[in-house]
Amino acid sequence: MIDLDLLRKEPTKVEENLARRKNPVYVRLLAEVRQQDELWRASLRTSDELRRRRNDLSRRIGESRAEGTPSAEIEAEAKTIPDALRAAEAQETELLHARDALLKRIPNLMDDSVPFGADDSENVVLSTWGRPNADGASLKSHGEVLEGLGMAEFERARRASGAGFYYLRGDVVLLDLALQRFALDLLTQRGFTPVAPPYMLRRAPYEGVTDLADFENVMYKVEGEDLYLIATSEHPLAALYQGEILDEDQLPFRLAGVSPCFRKEIGGHGVDQKGIFRVHQFQKVEQFVFCRPEDSPTILEELRANAEEVFRQLGVPYRVVNVCTGDLGTVAAKKYDIEAWFPRQQAFREVVSCSNCTDYQARRLGIRLGKAGRPGKLVPHTLNSTAVATSRGLAVILEQFQQPDGSVTIPDVLRPYMGGRSSLARAVAKA
RNA sequence: GCUGAGGUAGCCUAGCCCGGCAAGGCGCCAGCCUUGAAAGCUGGUGGCGUUCGCGCCACGGGAGUUCAAAUCUCCCCCUCAGCGCCA
């Protein structure tokens with residue numbers, strides 16, 4: 001949710017920013033919010049005045065009765081107020097809700113450095129690391145590599161749970177854990193605190209952290225409960241301090257979330273459909289930061305550098321893109337994607353999303369910044385970035401480091417977490 | 001799941017039976033005092049609106065009774081304790 005105060009005081013600035021999205025709906029929405037806000041304020045004055053009158057009369061009734069000189073006139077007037085007030089309040093509440101519903105539909109203000117573009121094809125490449133290997137034709141897809149190793153069950157998973165699910169078995173399970181542990185160690189060395197969050201959230205905090213349209217498309221709901229399976233640990237981490245005042249001297253808070261992620265929407269598949277690239281559940285180590293508003297641009301670069309370091313140490317080529325206006329979504333003010341090189345596909349595919357959400361999430365969650373009991377509260381900024389998601393992180397390792405004999409070389413940095421093993425190979429005895 | 005006790009400002013607490021402007025303490029901020037600090041003293045310390053005078057709201061949430069609700073009635077949520085169940 002954007003700052004209503006800013007919208008009132010500097011509507012032109014807000015309008016110019018929204019106009020950069022080249023979607024006339026948002027500029028129209030802004031005008032509607034401003035108009036609705038005026039109506040609400042007028043209505044609030046009406047009901048405030050009625051309440052003031054009621055309080056005044058009630059006080060006088062109490063006093064006059066105590067003195068033994070009740071006034072029939074005053075008591076008669078007092079009786080007329082509840083009905084009038086009920087009507088005035090109903091109108092005021094309706095106008096307020098209408099205004100807020102419109103306000104919540106306005107996307108975050110974008111950073112000036114966000115490039116204009118219609119969709120992900122117009123994201124701007126900022127840098128490339130490593131040398132993308134050129135011939136993919138002879139390689140297997142990561143799904144084929146897994147099946148060749150006897151380390152995945154896709155058919156049986158479909159029967160048990162449906163498309164988009166998988167069983168992993170054998171050493172690749174250890175590789176999955178190794179990848180998470182490697183990323184987590186890298187982050188804790190850089191000042192992050194590991195957090196294992198709840199894997200389900202109530203609806204109210206969920207509405208604070210995510211775009212409502214996405215919410216309906218993506219979230220699994222637990223039947224009969226006000227609970228939703230998390231789509232990423234970003235969400236419970238953002239909700240960690242909802243309704244609280246953060247001590248400005250303690251910030252920034254650097255958190256490393258570790259959790260499974262559940263997503264309904266898996267969309268279309270391209271080449272090499274079988275596998276774990278787009279699935280309903282995966283593990284993820286996530287960076288999440290609460291910080292002072294002036295620090296968020298610097299911290300966004302820090303999070304990007306951390307995520308790049310994960311893939312550099314693994315030895316996976318990648319590029320960084322600055323996500324354009326059409327692909328940015330409503331919550332982030334600026335977003336980098338890191339796209340790893342998938343040699344079989346001869347394509348860069350998204351493995352990390354790194355966003356500065358400025359004050360948009362924190363305001364919706366009622367998180368403030370300052371000193372308890374001192375005036376002058378600000379709204380902190382929140383940022384999030386993948387460190388590694390082990391569906392896609394695994395997939396790219398399997399594809400990148402596959403050997404002609406079907407085995408997979410384990411990246412050096414993961415070997416300490418794999419009991420020193422240097423490769424994944426097919427087990428001799430078949431289970 | 002059952003029984004009981006609770007939910008009041010950043011924190012802790014009083015008020016609730018018996019309806020009438022939410023009292024006090026801690027913490028924090030500012031001023032006074034001081035070489036400096038502490039202590040002490042004074043004031044401030046939530047949200048919304050505002051014509052900047054002030055007004056309204058806020059006692060877990062909602063509804064009801066009433067001229068008037070922290071207080072009475074009903075529904076719901078949450079926390080804690082004990083019991084039950086349990087990897």
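Proteins come first, then strands; the chains are lettered A, B, ... in the order of their sequence lines, and each starts at number 1.
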Atom pairs and distances, donor-acceptor, side-chain atoms in residues 227-237 of chain A, under 3.5 Å, two or more places apart:
from	atom 1	to	atom 2	distance (Å)
A:Y228	OH	A:R203	NH1	3.4
A:T232	OG1	A:E234	N	2.9
A:T232	OG1	A:K284	NZ	2.7
A:E234	OE2	A:Q361	NE2	2.9
A:E234	OE2	A:N384	ND2	3.4
A:H235	ND1	A:Y206	OH	2.6

With rounding to whole Å, what would you report as the distance between B:C56 and B:G6 at their P atoms? 33 Å
Using a 4.0 Å heavy-atom cut-off to protein, can you give one letter per nucleotide of nucleotides 50-61 of chain B, 5' to 3': B if the base is in contact, S if only the sugar-phosphate is, - if neither? S----BSS----
What integer distance in Å separates A:I61:CD1 from B:A69:P? 12 Å
In whole Å, what separates the P atom of B:G60 from that of B:A70? 10 Å
Give a yes or no on whether the backbone of A:V323 and the side-chain of A:N123 come within a donor-acceptor separation of less than 3.5 Å. no
What is the distance, to the nearest angstrom, from the CD atom on A:E89 to the C1' atom on B:G49? 15 Å
Does A:M200, at its CE atom, have more than 12 non-hydrogen atoms belonging to other residues, nucleotides or ligands within less than 6.0 Å? no
5'-most contact on RNA chain B (nearest-nucleotide basis), A:R99 vs A:E63, goes to A:E63
B:G53, syn or anti by chi within 90 degrees of zero: syn
Would the A:F253 and A:Y241 ring centres measure less than 6.0 Å apart? yes
A:S58 side-chain N/O to A:N55 backbone N/O, donor-acceptor pair under 3.5 Å: no
Between atom CG in A:L96 and atom P in B:C48, what is the gap in whole Å? 12 Å
Base paired to B:U73 (Watson-Crick or G-U; both N/O distances under 3.5 angstrom): B:A63
Within residues 76-87 of chain A, residues whose heavy atoms come under 4.0 Å of RNA chain B: A:A78, A:K79, A:P82
When rounded to the nearest Å, what value does the distance between P atoms of B:C33 and B:A23 take? 31 Å
Is A:I338 close to A:C354 at the side-chain level, that is, under 4.5 Å between some pair of heavy atoms? no
Nearest-angstrom distance, P atom, B:C74 to B:U65: 15 Å
Could you let me know what B:G82 is paired to, Watson-Crick or G-U wobble, both distances under 3.5 Å, or none if it's on its own? B:C2
Considering only atom C1', compute the distance from B:C18 to B:A69 and round it to an integer number of Å. 14 Å
Separation of B:C67 atom P from A:L57 atom CG, nearest Å, is 12 Å
Rounding to an integer number of Å, can you tell me how far A:L246 CG sits from B:C11 P? 13 Å
Grab the CZ-P distance between A:R60 and B:C21 for me, whole Å please. 16 Å
How many whole angstroms separate atom CD1 of A:I367 from atom P of B:G47? 16 Å
Using atom types as modelled and distance alone, determine if a side-chain donor or acceptor of A:E301 lies under 3.5 Å from a backbone N or O of A:T298. no
Pair A:E302 + A:R254: basic N to acidic O under 4.0 Å: yes
Look through every strand shown and name the nucleotide pairing with B:U50 as Watson-Crick or G-U wobble, where both distances are under 3.5 Å. none
As its Watson-Crick or G-U partner within any shown strand, both distances under 3.5 Å, B:C28 has B:G44
Parallel, tilted or perpendicular, judged at 30° and 60°: which one describes the rings of A:H280 and A:F165? tilted
For B:G61 versus B:C54, give the span between their C1' atoms, rounded off to a whole number of Å. 30 Å
CZ of A:R202 versus C1' of B:C77: gap in Å, rounded? 8 Å
Scanning all shown strands, the Watson-Crick or wobble mate of B:C17 with both distances under 3.5 Å is none
Whole-Å P distance, B:A9 and B:G47: 14 Å
Who is the Watson-Crick or G-U wobble partner of B:C33, with both distances under 3.5 Å? none
Of the listed nucleotides (B:C67, B:G46, B:C48), which one gets closest to any side-chain atom of A:W40? B:C48
Donor + acceptor pair across side chains of A:Q180, A:Y417 (<3.5 Å): no
Looking at A:E49 and A:R52, is there a salt bridge between them, counting it only when a charged N and a carboxylate O are closer than 4.0 Å? yes
Determine the interatomic distance between P on B:G53 and the same-named atom on B:G64; round to the nearest Å. 38 Å
